[in-house]
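Comments concern the structure below.
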Amino acid sequence: MATTPAPFERLELQVGPHTYDALAAGPADGELVLLLHGWPEFADSWSGVLPALGAAGYRAVAVDQRGYSPGARPPAVADYAVPELVADALAFADSQGAGRFHLVSHDWGGLVAWALAGAHPERLKSLTVLATPHPEALNRAAAGDPEQHHRLDYVRFFRTEGQVAEAALLADDAGRLRAAYGGKVPAALVDANVRRLAEPGALTATLNWYRAPASVISVPAGRIAVPTLFLWGSEDVALGRVAAESTGEWVDGPYTFEALEGASHWLPEEVPDVVTPKILDHLGKHA
């Protein structure tokens, strides 16, 4: 990972036949905080958050997930189904010797995190999700709110057969891919992301996350019993207020929801100084 920031450790996590690249900060014996990125991001999307977690004594590990790590790009669409992604996340924690851990997530990583928390509450000390409503709240909003339905048109486009999305996203120096960040992600990180996603097979592997579910939002996620923090930006163009504000209906454990007014979808990169203290406060309450 040529873009590895200097303060972080570089790790390779072996899970079955796959090798995952990761960044880590903090003492090896600290409580594990596992960070899951979204699309089209990598582990270094958490660069503004990791140092503070490490400085607070946590073992913070952010992983380039399935399809994003060159050593973990299986060929079949079915290899990117949510149960596979959840199993990966549990295996990442196992690799660090953590029976229970804190889970912090963004975007698609949030969908994985909701699914994991619903199915394996015994593994989590706390759950933090940035941007992504609970899948059931999002599904209900998309069914009943025309605005949210159309906000997900990009997902329908990504699910088009024949690598139409890949060609469109990478055309003209990846103009559409670059535009996805909405000017909210630092230019150097956008350049690094585009370079990595332009590697042979990389973009297809990451889009397979969208293609593996049976329908646009068919992500299995049950009710949530673990302590949960959900942060959502009011200017999120993909995930609207209806789904965000109704997410708490699916959380039975201690729950905190904050709408960050004026913030976009790209919370880890855009406002790390805002979200990091909130994450640390949540972790501290549920150590």
Side-chain angles (χ1 to χ4, degrees), residues 30-38 46 49 53 56 58-63 65 81-143 209 213-214 217-233 239-260 267-268 275-287:
E31 291 182 49
L32 177 65
V33 181
L34 178 65
L35 298 102
L36 304 180
H37 64 79
W46 297 106
V49 178
L53 297 180
Y58 296 101
R59 180 59 170 175
V61 178
V63 185
Q65 297 176 82
V82 170
E84 300 288 342
L85 305 174
V86 168
D88 284 346
L90 293 172
F92 299 153
D94 293 342
S95 77
Q96 303 302 298
R100 297 178 68 230
F101 60 100
H102 302 279
L103 184 58
V104 178
S105 58
H106 175 239
D107 186 73
W108 242 111
L111 292 175
V112 175
W114 288 119
L116 189 157
H120 303 281
E122 74 285 352
R123 295 298 305 269
L124 295 185
K125 295 182 178 181
S126 74
L127 171 67
T128 299
V129 181
L130 276 57
T132 314
H134 188 285
E136 294 294 343
L138 183 57
N139 188 58
R140 187 170 62 186
W209 288 47
I217 325 173
S218 58
V219 173
R223 302 196 63 83
I224 307 300
V226 302
T228 300
L229 170 65
F230 176 37
L231 303 175
W232 169 80
L239 306 167
R241 187 176 293 272
V242 172
E245 292 184 344
S246 62
T247 284
E249 298 175 21
W250 295 90
V251 183
D252 299 319
Y255 180 60
T256 300
F257 167 63
E258 288 197 44
L260 305 181
L267 300 179
V275 301
T276 300
K278 299 180 186 299
I279 294 171
L280 284 169
D281 181 64
H282 183 59
L283 300 182
K285 289 177 180 176
H286 305 289

Contacts table for residues 106-114: side-chain donor-acceptor under 3.5 angstrom, sequence neighbours left out:
unit_1, atom_1, unit_2, atom_2, d
H106, ND1, E41, OE1, 2.9
H106, ND1, E41, OE2, 3.2
H106, NE2, H265, O, 2.7
D107, OD1, H265, NE2, 2.7
D107, OD2, W39, N, 2.8
W114, NE1, T132, O, 2.8
W114, NE1, P133, O, 3.2

Are side-chain heavy atoms of L53 and L280 found at a separation under 4.5 Å?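 Heavy-atom side-chain distance check passes, below 4.5 Å.
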
Test item: L229 and D281 side chains (from C-beta on) under 4.5 Å apart, heavy atoms: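 No, every pair of side-chain atoms sits at 4.5 Å or beyond.
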
Pair Q65, W209 - check side chain to side chain contact (heavy atoms under 4.5 Å, CB included), show working. CA-CA 11 Å; Q65 297 176 82; W209 288 47; 3.5 Å; yes

Partners of W46 by ring pair (Phe, Tyr, Trp, His ring centres under 6.0 Å), sequence neighbours excluded?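 So W46 forms no ring pair (Phe, Tyr, Trp, His ring centres under 6.0 Å) with any residue.
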
Heavy-atom closest contact ([X] atom, [Y] atom, distance):
X	Y	value
S126	L283	OG-CD2, 3.5 Å
H282	L127	NE2-O, 3.1 Å
L124	R100	O-NH2, 3.2 Å
L32	A98	CD2-CB, 3.6 Å
L267	A131	CD1-N, 4.1 Å
L130	P268	CD2-CG, 3.9 Å

Could you give me the CA-CA distance, side-chain angles and deciding distance for H120 and V86, then say whether side chain to side chain contact (heavy atoms under 4.5 Å, CB included) is met? CA-CA 10 Å; H120 303 281; V86 168; 4.0 Å; yes

So, taking the atom named [atom1] in [X] and the one named [atom2] in [Y], what distance separates them when rounded to the nearest 0.5 Å?
X	Y	atom1	atom2	answer
L116	L85	CG	CG	10.5 Å
R140	L138	CZ	CG	11.0 Å
F257	T247	CZ	OG1	7.5 Å
L34	T128	CG	OG1	11.5 Å
H134	R223	NE2	CZ	7.5 Å
F230	E245	CZ	CD	10.0 Å

Quick one: list whatever passes salt bridge (Lys or Arg N to Asp or Glu O under 4.0 Å) with E31, sequence neighbours left out.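 For E31, the residues satisfying salt bridge (Lys or Arg N to Asp or Glu O under 4.0 Å) (neighbours in sequence not counted) are K125.
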
Without swapping roles, check the side chain of R123 against the backbone of G99 for a donor-acceptor pair under 3.5 Å.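 Checking the backbone N and O of G99 against the side chain of R123, a donor-acceptor pair under 3.5 Å is found.
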
